[in-house]
Amino acid sequence: MAKQNIFILGIESSCDDTSAAVIHNGKVLSNVVASQKIHEAYGGVVPELASRAHQQNIVPVVHQALKKANITKAQLSAIAFTRGPGLMGSLLVGTSFAKSLAYGLNIPLIDVNHMQAHILAHFIEETNFKKPPFPFLAMTISGGHTQIVNVEDYFSMMVIGETIDDAVGEAYDKSGKILGLGYPAGPEIDKRAQLGNPKAFTFTKPKVDGLNFSFSGLKTAILYFIQKETKANPNFINENINDICASIQYTIIGILIDKLKKATKATGIKHIAIGGGVSANSGIRKALQDGEQKFGWTTYIPKFEYTTDNAAMIAIVGYLKFLEANFAEQDIMASARLKI
Ligand code: KG4
Ligand code: ZN
């Protein structure tokens, strides 16, 4: 079959980033992300403010994505959008926009599961980045998600472990709040962790069966620890900030790696692909590298702009579904709790 010229517009609006991207035969032509600064002042995403900001951003972001890709709307083959999971008000903005545009252009509409997209981002055509072979394990770690997924094929995947409370990024952000750091605190804790002693303080790891995670107990342990220490020394945080950050990071990475070790044992799969904002973390990157040497793992980390919430990952899933003519109907609805 002659190679088709497939242009997919992807739209992502599940949380606090409005993003649009154009993919041509699996290659990214543009990936525009408008992040919403407004939430920083609140130390977390405020759903109502997020959906309002999406409404303001969506038209200019889509416009820019088309312009950067140097194509017109008429050249699009299909529109892919995030159906869920995510914040309902946010999802509705992208869903309604995608539906109207597909209807107006009379081209197929493709629904995308945001969690599958984090995983399939590894299949964006990109020089110097290797793609994981099937089957592989995907660990998605971000402010909203923490999952380990057994990926047998593009659309045959099973969640084998996930958080029962907070996501790992939330553990970073909430710890940062206790320490008086800005939001999101992950990058700052990571930076300071590299200057501190990871064994200065000990935080007990949660005991969760199987491959599931729990991070809410860690946050409470850190809160009590800081309250106790600052009572004795009001300057405790300032004097020990790097060591505190290093110890928190050491604990969190330990939890992630323990579960990955268990998952590789349980499945016999040693190819591990990670995604989500926390995959930028220097500690997890180093631990994965160590795993390559110690346990014979092969690890895959996509380009950073495809690990955080972005529309290129939505468009690549759109492309893969387009090849299978797997389209959605106009009456499809956003789904806040959509499962893999
Ligand atoms: O994927 P992402 O941009 O958005 C979603 O949450 O879906 O991830 C953001 C999360 C935040 O919790 C942020 O603190 C965390 O990723 N993060 C990090 C680092 N960079 C971002 N956490 C630890 N170390 C980092 N270097
Ligand atoms: Zn995400």
Side-chain angles (χ1 to χ4, degrees), residues 10-19 31 33-37 39-40 42-47 50 54 81-87 90-91 94 112-122 138-147 149 162-163 166-179 181-196 198 215 218-219 245-246 248-256 274-288 301-314 316-317 336-338 340:
I11 293 173
E12 155 65 29
S13 72
S14 66
C15 189
D16 61 339
D17 293 305
T18 319
S19 180
N31 184 31
V33 184
S35 298
Q36 304 176 358
K37 292 265 169 253
H39 307 288
E40 284 172 13
Y42 298 88
V45 178
V46 184
H54 283 305
F81 69 98
T82 305
R83 183 181 176 211
L87 300 169
S90 293
L91 289 168
V112 174
N113 179 310
H114 179 91
M115 297 310 298
Q116 283 192 345
H118 269 301
I119 295 168
L120 298 176
H122 286 271
M139 184 166 76
T140 310
I141 42 179
S142 76
H145 347 282
T146 306
Q147 283 189 332
V149 182
E162 62 188 329
T163 182
D166 292 349
V168 60
E170 257 179 300
Y172 269 102
D173 297 338
K174 288 179 177 173
S175 305
K177 206 169 181 177
I178 296 168
L179 298 173
L181 303 176
Y183 171 86
E188 175 84 16
I189 293 181
D190 186 14
K191 215 163 75 195
R192 293 186 171 279
Q194 293 171 62
L195 307 170
F215 287 102
L218 178 64
K219 166 197 67 195
C245 288
I248 293 173
Q249 177 134 312
Y250 180 77
T251 313
I252 292 177
I253 304 301
I255 296 170
L256 296 176
I274 63 168
V278 181
S279 53
N281 185 271
S282 65
I284 190 75
R285 283 173 179 247
K286 170 143 197 326
L288 289 171
I301 308 177
K303 218 172 163 182
F304 183 68
E305 64 171 308
Y306 307 140
T307 70
T308 57
D309 285 352
N310 70 90
M313 70 181 193
I314 304 304
I316 192 69
V317 181
R337 294 176 174 276
L338 191 66
I340 273 186

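Order of appearance sets the numbers: ligands from 1, and atoms from 1 within every ligand.
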CD1 on I314 to OG on S14, rounded to 0.5 Å: 7.0 Å
Who are the side-chain contact (heavy atoms from CB on, under 4.5 Å) partners of A171, not counting sequence neighbours? F215, I252
Any chance you could measure I284, atom CD1, to M139, atom CE, to the nearest 0.5 Å? 4.0 Å
Could you work out, with side-chain hydrogen bond (donor to acceptor under 3.5 Å, both in side chains) as the rule, every residue matching K174, not counting sequence neighbours? D166, E170
Closer than 2.8 Å to the Zn ion (ligand 2) - protein N, O or S atoms, ordered by chain and residue number: H114 NE2, H118 NE2, H145 NE2, D309 OD1
Does any N or O in the side chain of H39 come within less than 3.5 Å of the main-chain N or O of V46, such that one atom is a donor and the other an acceptor? yes
Residue contacts for ligand 1, heavy atom to ligand atom, distance under 4.0 Å: S142, G143, G144, H145, G169, Y172, D173, P184, G186, P187, D190, G276, G277, V278, A280, N281, T308, D309
Does a donor on one side chain sit under 3.5 Å from an acceptor on the other, for Q249 and D190? yes
Answer yes or no: is there a donor N or O on one side and an acceptor on the other, between the side chain of T163 and the main chain of T146, under 3.5 Å? no
Any side-chain heavy-atom pair from H54 and Q36 closer than 4.5 angstrom? yes
Any side-chain to backbone donor/acceptor pair from T140 onto H118? Under 3.5 Å, distance only. no
